[in-house]
Amino acid sequence: MITTLNLQDMGAIPNDTQRETLSNNAYILQYALSYNIINKNNNNRSNEQEDEYESYLHVIVPNSGTFYLDRGVYVDGLQNAIIEINGRLSFRFGEIINEFISRDHRPTSCLTILNSKNVTITSSKGKGSTGTGIMDGGGPKWWGVPYLGYVQRLEDRPYLLLVNHTENMVISNLLFQDAPYYTMKLSNVNNLEIYGISIVNRRTREPSHSFWDLSAFNTDGIDVDGHNVYVHDVDIWNQDDCIAVKDHHGGGMDRVSSNMTFERIHASGLGLVIGSIGGSTVRNITFRDSYLHKTVKGIYMKFRSDLEAGRIEDIKFENITIESPMQWPIWIGPAQQVAGGSSNICSSNPCSLCWPYVPFTKCDAGYHSTFRNIMLKDIRINNPRQSAGVIMGGEGNVIDGLVMDSVVVQQTRRSALRDGDDHDLNHLFPGLQKASLHDKYVQDGRTILTVIIIVTIVFVIGIMGFCARAYSSKQCKMAKSDAEKNELLLTNHAARHRQRTWSEEKKKHPVAMKLGLHRSSGKQEHVNGCCLSKVLLIACMIIGAFLIYYLVVTRRVHDLSHYYKCEHVNGRAIGSTWPVPSCLLDETSTAAAAGKHKLKNREAIKQTWIVAVILLSLSSPFCFKFAMRMLTGAQLLFFKSLYTPTPVYKLTVLEEEEEEEETGVTAGTDELESLDDSGSSVEKEFLHWDGSALEHSKQCMGITSMVES
């Protein structure tokens, strides 16, 4: 007997976002999926009658538009059922999202299926066709403002599809879009087949994983554990693990995930993953005939820092192309992830996401888990940004039996898939064309980031300006005290002569005199901006030290001629493998590796030049001093065109008439001339600002200093 239930015929309303409609649609879908279970409980039937009555349940979501739901749907004990999604199911949790922020548990998943058997979730049309059904999790509301949203909600977000303790299940010909958390969490499954589906979790239309896209943390594609799993002909574009074989805790002694094959996969995210594993065993897993486009990582096997020993064994990756990976194409070792429940993205669990770029971040290999019998065969890594990868074992978890057969790093003039070629991209990832983008929070994030940068710059400049003002004020008092002492040495005639000279300068240059551009003291000229120079010099030294550290690290990270790290590994490299990890036995052909040492990484060369130019610009103290002078006296640049530079002025006290000598003028003049030649003499007291600035600018440009007289 087949029972067919059409949601629209049962009263579900498409394309209506009123709250009553959302609640009604969720109730109708819940009732439809539980129909046979409800009738079984309400009727006393013999086993034969029950089996006949429960033969099949066919639930249809018609292609009539979008059916909005305000909560997740849960079914336990579903058997012999086909869920046919031809339209669009959109889960809008609405106001209750804020309620979950204060809870200590994850909200109900969008669709939960537990303890079920013989279940198919599909659509009537094939992959990528116009009739493909869609499950939309409304991810942007849960992701929130980039990075700030994660700090707010962490991992308290619902799965898009949660399946647990289920046998004989098929998922096909659907588009899963904008999962709040994992797209598919398939636990304790047996005999599972997935094909013809698309998974899209992204925030922009960039053909790679931008800074904004990667803020959709934990949007895994297919996370599965159990036995006898076959996944084929799927495309996945997300911001975390594309496919991940996970721990299996099925109860009793069964703590093994085994017998899984993944083939003809097109993916872009954090790659094809086994892990993270801790306290269980994963064995007999095969990935083959797959293409990874601008993925962050490629092949990724990882243990987490559990105290219980785990094991990953009998693993094979074969015939896989990794095109333009953004980070490590191959990673075998500790899980590079954030500690559970931590808002610090650089925390280690056991390896920090910020390693090795950020100083003092850690990456520990662990002590209890084991890799055994790992085969990488016919792996092509094209145009990587970094070295081939990281293979990191530990003293207590040696990687044993690793074989790398024809694992080749190479650079090509053009990638297999050209940037911006939407036709090729949509052909390999048909879900990208069908999935719609409605993430308003990205623009909010860009605005917030811009405001933060501007506020930070203004704050730093304000602090430095305050410091410079305080220091200059102190030095001005000292200079004033020195000037008062020197003033006592002046005679009445010298004072009158000084006043006449000052008046003449005021008439010649009224604008500069009014703005205070004409210095009244050589010492004040010297100390102007001194504090700011010192503060920024210290900041410059810190920045320079960090850039040197970054340069050293990136030179190693981006060196294509070796793996960044290879330790505690027993294995061998055969075939045309290049580069050969330093900790493996080299059994490759000499001819295959000939000439590969000349391979250059354009990304590394570009970053090296950028850092070198920055360090060079900060290395000259004359340039730095001149730049700081211009920063503290910005008004000088503005009025430079109004005030014609003149040579350094000298004020010479002339010989006076005999009757003035009798009043003590001669004594005063002799005392003035007895001062040292360091520039404190009254004769060098009046310096024009342009003369000093000109001297510094010449020093900065490498020109021999010239002093005009």
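Just the heavy atoms: all of them, side chains too, but no hydrogens, waters or symmetry mates, feed the values below. Everything numeric here is computed off the predicted structure, so don't read it as measured data.
The closest side-chain donor-acceptor pair between Ser215 and Arg203 falls under 3.5 angstrom. Lys117 and Gln79 are not linked by any side-chain donor-acceptor pair at a separation below 3.5 angstrom, with hydrogens and angles left out of the test. Looking only at atom types and distance, the side chain of Thr122 has a donor-acceptor partner in the side chain of Ser172 under 3.5 Å away. Between the side chains of His293 and Tyr291, at least one donor-acceptor pair of N or O atoms lies under 3.5 Å. With 3.5 Å as the limit, one finds no donor-acceptor pair spanning the side chains of Asn319 and Asp378. Counted by atom type alone, Asn238 and Thr183 present zero donor-acceptor pairs between their side chains at under 3.5 Å. Side-chain N/O atoms of Thr219 and Asp240 include no donor and acceptor closer than 3.5 Å. For the residue pair Asp225/His248, the side-chain donor-acceptor check at 3.5 Å is satisfied. Between the side chains of Asn284 and Asp314, no donor-acceptor pair of N or O atoms lies under 3.5 Å.
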Point to revise | side chain to side chain donor-acceptor pair (under 3.5 Å) assessment of Glu323 paired with Asn382 | key: CA-CA 5 Å; Glu323 181 63 48; Asn382 299 330; 3.2 Å; yes
Exercise for review: Before giving the answer on side-chain contact (heavy atoms from CB on, under 4.5 Å), spell out for His266 and Trp237 the whole-Å C-alpha distance, their side-chain angles and the decisive distance to 0.1 Å.
Suggested key: CA-CA 8 Å; His266 295 160; Trp237 193 292; over 6 Å; no
Practice item. Start with the C-alpha distance between Phe262 and Ile285, add both sets of side-chain angles, then the distance that settles side-chain contact (heavy atoms from CB on, under 4.5 Å), and finish with yes or no. Key: CA-CA 8 Å; Phe262 305 88; Ile285 309 296; 4.0 Å; yes
Review point. Going through the distances and angles, do Phe287 and Ile299 end up as a side-chain contact (heavy atoms from CB on, under 4.5 Å)?
Key: CA-CA 10 Å; Phe287 290 88; Ile299 295 171; over 6 Å; no
Exercise for review: Go through Arg88 and Gln177 one step at a time and tell me if the side-chain contact (heavy atoms from CB on, under 4.5 Å) criterion holds.
Suggested key: CA-CA 10 Å; Arg88 184 189 194 102; Gln177 175 184 345; 3.3 Å; yes
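Heavy-atom minimum distance, Leu7 versus Leu29: CD1-CD1, 3.9 Å. Closest approach of Pro107 and Trp142 over heavy atoms only: CG-CH2, 4.0 Å. When all heavy atoms of Ser210 and Glu206 are compared, the pair lying nearest together is CB-CG, 4.1 Å. Nearest approach of Ser198 to Pro430, heavy atoms of both residues: OG-CG, 4.2 Å. Across all non-hydrogen atoms, the minimal contact from Ala216 to Gln239 is O-CB, 3.5 Å. Ser268 and His209 get closest at one heavy-atom pair: OG-NE2, 2.7 Å.
Between the side chain of Asn63 and the main chain of Gly87, no donor-acceptor pair closer than 3.5 Å is present. Judged by distance alone, the side chain of Asn25 and the main-chain N or O of Phe67 form no donor-acceptor pair under 3.5 Å. With hydrogens and angles ignored, the 3.5 Å screen pairs no side-chain donor or acceptor of Ser123 with any backbone N or O of Glu84. The backbone N or O of Leu111 sits nowhere less than 3.5 Å from a side-chain atom of Ser109 that would complete a donor-acceptor pair. Looking at Asn15, its side chain does come within 3.5 Å of a backbone N or O of Thr66 through a donor-acceptor pair. Of the possible donor and acceptor atoms, one in the side chain of Arg157 sits under 3.5 Å from a partner among the backbone N and O of Pro180. Side-chain N or O atoms of Asn201 include one that pairs as donor or acceptor with a backbone N or O of Ala179 at under 3.5 Å.
You'll find the side chain of Val231 stays beyond 4.5 Å of the side chain of Val224, heavy atoms only. By the 4.5 Å heavy-atom criterion applied to side chains, Phe317 and Ile379 are counted as neighbours. Inter-residue side-chain proximity for Leu186 and Met169 is flagged as unmet; no heavy-atom pair is nearer than 4.5 Å. A 4.5 Å side-chain heavy-atom check between Leu428 and Asp235 finds every atom pair outside the cut-off. Within the 4.5 Å cutoff, side-chain heavy atoms of Ile121 are placed close to those of Ile113. Contact annotation: the side chain of Phe91 approaches that of Met135 to within less than 4.5 Å [non-hydrogen atoms, C-beta and beyond]. Side-chain contact between Ile82 and His58 is present, with heavy atoms from C-beta onward closer than 4.5 Å. By the 4.5 Å heavy-atom criterion applied to side chains, Ser257 and Lys246 are not counted as neighbours.
With rounding to the nearest 0.5 Å, the separation of OG in Ser23 from CD1 in Ile28 is 10.0 Å. Taking CD1 of Ile60 as the reference point, atom CG of Asn6 lies at 5.5 Å (rounded to 0.5 Å). The CG atom of Leu174 lies 10.0 Å from the OH atom of Tyr195; values are rounded to the nearest 0.5 Å. Taking CZ from Phe217 and CH2 from Trp143, the interatomic distance works out to 12.5 Å, rounded to the nearest 0.5 Å. Lys316 contributes atom NZ, which lies 7.0 Å from atom OG1 of Thr286 (distance to the nearest 0.5 angstrom). Separation of atoms CG (Leu161) and OG1 (Thr112) is listed at 8.0 Å; rounding is to 0.5 Å.
Ring geometry for Tyr31 against Tyr35 counts as perpendicular: the plane angle is over 60°, on a 0 to 90° scale with 30° as the lower cut.
Screening Met326, Gln327, Lys294 against Arg385 for a side chain to side chain contact (heavy atoms under 4.5 Å, CB included) leaves a single residue, Met326. Paired with Ile197 under the rule side chain to side chain contact (heavy atoms under 4.5 Å, CB included), one option of Ile222, Leu175, Asn173 passes, and it is Ile222.
Less than 6.0 angstrom separates the ring centroid of Tyr230 from the ring centroid of His232.
A salt bridge does not link Asp70 with Arg19: none of the charged nitrogens is closer than 4.0 Å to a carboxylate oxygen. Using a 4.0 Å cut-off between charged nitrogen and carboxylate oxygen, Asp213 and Arg202 do not count as a salt-bridge pair.
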Acceptor/donor pairs from residues 269-283 side chains to any protein atom, 3.5 angstrom cut, sequence neighbours excluded:
from, atom 1, to, atom 2, distance (Å)
Ser280, OG, Asp247, OD1, 2.3
Arg283, NE, Glu313, OE2, 3.0
Arg283, NH2, Glu313, OE2, 3.1

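Within the cation-pi definition used here (under 6.0 Å to the ring centroid, within 45° of the axis), Lys185 does not qualify as a partner of Tyr182.
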